[in-house]
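None of these values were measured; they are calculated from a predicted model. Residue numbers begin at 1 in each chain, while the letters A, B, ... track the order of the sequences.
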There are 2 protein chains.
Amino acid sequence: MRPKNLEKEEAIRTIALQIIAEEGLENLTMQKLAKAANISPRTIYIKYDNKEDLLVKLFIEEVLGNYEQAILHDFRFDMGFAEGVKKLWLNGFAYFKNNRHAFALIQYGKSSPLLNKAYQQKNIKQGDFFGPIIRFLEHHASAGTIHNFHHDIQRALLFSPLTDLMSEYFDYQERPEQIITEETLLRCCDAVIKGMTK
Amino acid sequence: MRPKNLEKEEAIRTIALQIIAEEGLENLTMQKLAKAANISPRTIYIKYDNKEDLLVKLFIEEVLGNYEQAILHDFRFDMGFAEGVKKLWLNGFAYFKNNRHAFALIQYGKSSPLLNKAYQQKNIKQGDFFGPIIRFLEHHASAGTIHNFHHDIQRALLFSPLTDLMSEYFDYQERPEQIITEETLLRCCDAVIKGMTK
DNA sequence: TGTAAGTAAATAAACATTTACTTATTTTTG
DNA sequence: CAAAAATAAGTAAATGTTTATTTACTTACA
């Protein structure tokens with residue numbers, strides 16, 4: 001039996017992400033993807049059932065999976081609050097800086113009903129993505145370090161500024177000067193910590 | 001000369017927003033829109049040059065324009081910081097609660113390159129959307145009430161949690177209980193205020 | 001040599017946009 | 001002051017293109 005060509009599998013994923021980031025999800029077509037990856041359209045269908053399957057797997061396995069790994073690197077749920085939040089923010093910043101295309105698809109996850117549904121189903125099925133973060137928040141809520149909100153609310157307070165600042169980071173990358181440096185990011189992180197702390 | 005039927009213009013806009021919110025931007029087609037609005041496809045082209053023109057005008061004029069108006073209602077740049085931020089958050093919450101479809105398109109504005117480009121051009125062309133908010137932030141930064149960040153950063157710290165909480169609000173609307181009430185929203189708002197204040 | 005991986009080309013459906021025509025008004029003009 | 005001309009608004013159906021997916025064939029390896 002002829003073995004799978006892993007380079008082609010990889011090319012499908014990276015070029016799909018590239019097209020989505022540069023031209024938008026609405027401009028990704030199977031034929032355009034095949035051409036850009038130098039393969040036949042049929043080859044995509046050997047690895048994915050259909051377009052929806054490709055997008056969902058790309059989002060859940062490739063992007064969210066790697067993001068989860070990256071953001072949890074060296075993180076433990078029993079860290080001090082300020083220390084833990086800074087670790088998460090810096091991990092996230094480092095990951096997104098080097099994975100602009102993944103960031104673009106995550107942004108689509110917040111608007112596209114297809115990806116949003118996939119995300120929610122994944123969350124419901126296997127407990128929660130980012131389990132250690134939820135334990136971290138619950139731990140500090142019950143210890144009285146931070147205010148006692150539902151963890152979906154905590155997550156919004158904790159991560160939404162980071163995501164928005166990443167958008168600004170990429171916007172400013174095409175301009176003469178970058179306003180989002182690691183230093184300003186950490187000052188923003190301090191503001192978020194201060195706000196959440198009792 | 002036969003006069004324009006304003007109901008039809010209105011139908012195009014509201015039904016386009018509905019399709020985008022319910023099925024996604026990538027599933028809005030001119031023929032689907034025409035059918036749902038009970039008009040001929042040609043009628044859309046009397047009012048808009050093409051699909052891109054429709055989407056950009058919908059985003060900039062219909063959605064962002066109304067959002068700006070709503071969020072600035074009874075707001076003045078020389079308000080106290082906490083008072084002003086609460087006003088903005090409550091205005092935003094009230095607007096989005098009643099305009100779920102508009103909220104969906106605004107979310108797409110953060111991912112779709114087409115809408116994102118349109119937004120940036122608009123911002124660059126006519127000064128800034130939300131001018132009073134920028135004056136408000138600059139006023140409090142120079143008065144020393146809040147930390148001195150670039151206003152794009154301030155805007156991220158100020159509004160991104162609200163937007164994320166709105167997403168949660170709509171997600172939870174289909175569940176047995178709503179975790180985002182005006183009360184929890186105001187507690188989150190207090191956290192944001194506390195974080196930004198010196 | 002059997003078999004899954006892969007290709008090029010085809011297919012049928014869906015798409016944005018246009019064509020050729022009809023309708024409902026306003027504005028002349030007889 | 002009616003009625004008919006002028007005209008933009010509107011329609012149904014068609015156009016040519018692009019789309020997701022399949023078919024019929026070829027290739028490379030266990």
Side-chain angles (χ1 to χ4, degrees), chain A residues 1-62 105 108 112-115 117-118, chain B residues 1-62 105 108 112-115 117-118:
Chain A
M1 180 174 96
R2 183 176 177 175
K4 285 188 188 186
N5 185 332
L6 294 177
E7 279 172 39
K8 283 175 184 174
E9 298 203 334
E10 173 82 8
I12 291 173
R13 289 192 295 260
T14 55
I15 291 178
L17 283 177
Q18 192 185 93
I19 293 173
I20 292 168
E22 288 168 5
E23 303 176 45
L25 186 57
E26 58 274 30
N27 288 308
L28 175 74
T29 73
M30 299 303 257
Q31 286 172 133
K32 189 189 272 185
L33 171 56
K35 197 166 212 170
N38 254 303
I39 54 168
S40 155
R42 186 70 180 78
T43 306
I44 304 171
Y45 287 90
I46 292 170
K47 296 156 204 302
Y48 301 96
D49 288 346
N50 48 49
K51 192 180 177 182
E52 178 170 335
D53 184 47
L54 165 67
L55 289 173
V56 169
K57 283 190 175 139
L58 207 60
F59 179 56
I60 301 285
E61 289 163 23
E62 184 77 1
L105 188 55
Y108 268 108
S112 153
L114 172 65
L115 298 181
K117 212 168 59 185
Chain B
M1 182 176 92
R2 182 176 175 176
K4 286 189 190 187
N5 185 333
L6 295 177
E7 277 171 40
K8 282 176 186 175
E9 298 203 334
E10 173 82 8
I12 291 172
R13 289 193 296 259
T14 55
I15 291 178
L17 283 178
Q18 190 184 95
I19 292 173
I20 292 168
E22 287 167 6
E23 303 176 43
L25 187 55
E26 56 275 28
N27 288 308
L28 176 74
T29 73
M30 299 303 258
Q31 286 172 128
K32 188 188 275 186
L33 172 57
K35 198 165 211 172
N38 255 305
I39 54 168
S40 155
R42 186 70 180 78
T43 307
I44 303 171
Y45 287 90
I46 293 170
K47 296 156 203 301
Y48 301 97
D49 288 346
N50 48 46
K51 193 179 175 180
E52 177 170 336
D53 184 47
L54 165 66
L55 289 174
V56 169
K57 284 189 175 141
L58 207 59
F59 180 55
I60 299 284
E61 289 164 24
E62 184 77 0
L105 188 56
Y108 268 107
S112 154
L114 171 66
L115 298 181
K117 214 168 58 186

Could you check which of [options] has an atom nearest any side-chain atom of [X]?
| X | options | answer |
| --- | --- | --- |
| A/K8 | D/dA14, C/dT19, C/dG6 | C/dG6 |
| A/T29 | D/dT19, C/dA16, D/dG10 | D/dT19 |
| B/R42 | D/dA9, D/dT19, C/dT19 | C/dT19 |
| A/K51 | D/dA24, D/dA20, C/dC15 | D/dA20 |
| B/P3 | D/dT22, D/dT11, C/dT25 | C/dT25 |
| A/Q31 | C/dG6, D/dT21, C/dT17 | D/dT21 |

Spacing between [X] atom [atom1] and [N] atom [atom2], to the nearest angstrom:
| X | N | atom1 | atom2 | result |
| --- | --- | --- | --- | --- |
| B/I39 | D/dG10 | CD1 | P | 8 Å |
| B/L33 | C/dA14 | CG | C1' | 15 Å |
| B/Y45 | D/dT11 | OH | C1' | 15 Å |
| B/D53 | C/dA16 | CG | P | 15 Å |
| B/K47 | D/dA9 | NZ | C1' | 7 Å |
| A/M30 | C/dC15 | CE | P | 16 Å |
| A/E7 | C/dG6 | CD | C1' | 15 Å |
| A/L6 | C/dA4 | CG | P | 18 Å |

What distance do [X] atom [atom1] and [Y] atom [atom2] have between them, rounded to the nearest 0.5 Å?
| X | Y | atom1 | atom2 | value |
| --- | --- | --- | --- | --- |
| B/T29 | B/K51 | OG1 | NZ | 6.5 Å |
| A/T43 | A/E9 | OG1 | CD | 10.5 Å |
| B/E26 | B/L28 | CD | CG | 10.0 Å |

Query - Heavy-atom donor-acceptor pair, A/Y108 side chain to A/L115 backbone, under 3.5 Å - result: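 No; zero donor-acceptor contacts below 3.5 Å.
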inquiry  = Base, sugar-phosphate or nothing for A/L54? Non-hydrogen atoms, less than 4.0 Å.
reply    =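 The residue A/L54 makes no contact with any strand.
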- Message: Minimum heavy-atom separation for B/I60 and B/A118, please, with both atom names.
- Response: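 Heavy atoms of B/I60 and B/A118 come nearest at CD1-O, 3.8 Å.
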Mapping B/P41 and A/N50 to their closest nucleotides on DNA chain D, which lands nearer the 5' end?
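Comparing both residues, the 5'-ward one is B/P41.
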So, under a plain 3.5 Å distance rule, would you say the side chain of A/R2 forms a donor-acceptor pair with the base of C/dA5?
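Such a pair is found, so the answer is yes.
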Worksheet item: Has the side chain of B/T43 got a donor or acceptor atom sitting under 3.5 Å from an opposite partner on the base of D/dA9?
Response: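 Flag unset: no donor-acceptor pair detected.
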